[in-house]
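Presented below is the structure to which this report refers.
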Amino acid sequence: VAIVLAALQLCYRAWIGDVDRWLDLREIDRPDRALVLALGRFGLAARGLVFGTGGVILASAALHGSPWAARGLGGTLRVLQASAGGPVVLAAIGVGLMSFGVIEVVSAHLRRSLPHDEAAAG
């Protein structure tokens, strides 16, 4: 249940655009900032979908007393692939997870470019 709640929080943050909470985007030009925020929202939504699906699978396995039905990330992605529109959903999730990776790289770059005292305080 905690995994599903965390997934819902990720989706909510993607919905409201709460991507830059930990990023200082003032150094980035406005068009690039919009792109970073869009990629971040898409990445958060993709993570939320994968975590939520995995959490539902785990909760279902626990409720039915069938631990062999629990699946990891690969099993969760196979379930999504077998769903309606599976290949499209899986491709969107892949692009979304890559988007999240881009945000993490931007985050690391921005943290590294801060002076040592500001990075330690943040």
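- For the atom pair L58 CG and T53 OG1, the distance stands at 11.0 Å (nearest 0.5 Å).
- Hydrophobic cluster membership of V95, counting Ile, Leu, Val, Met, Phe, Trp and Tyr whose side-chain heavy atoms lie under 4.5 Å apart directly or via other members: F42, M98.
- Note that CD1 of I93 and CG of L80 are 4.5 Å apart. Values are rounded to the nearest 0.5 Å.
- With a 4.5 Å cut-off between side-chain heavy atoms of Ile, Leu, Val, Met, Phe, Trp and Tyr, the cluster of W15 takes in Y12, I16.
- Atom CG of L44 and atom CG of L49 lie 12.5 Å apart (nearest 0.5 Å).
- Applying the side chain to side chain contact (heavy atoms under 4.5 Å, CB included) test to R47 and every residue at least two apart in sequence or in another chain returns L10, F51, L97, F100.
- A pairwise comparison of heavy atoms in A45 and A14 identifies N-CB, 3.7 Å as the closest pair.
- The minimum heavy-atom distance between V89 and A84, with the atom names listed, is CG2-O, 4.1 Å.
- Here the closest heavy-atom approach between residue G48 and residue A7 is recorded as O-CB, 3.2 Å.
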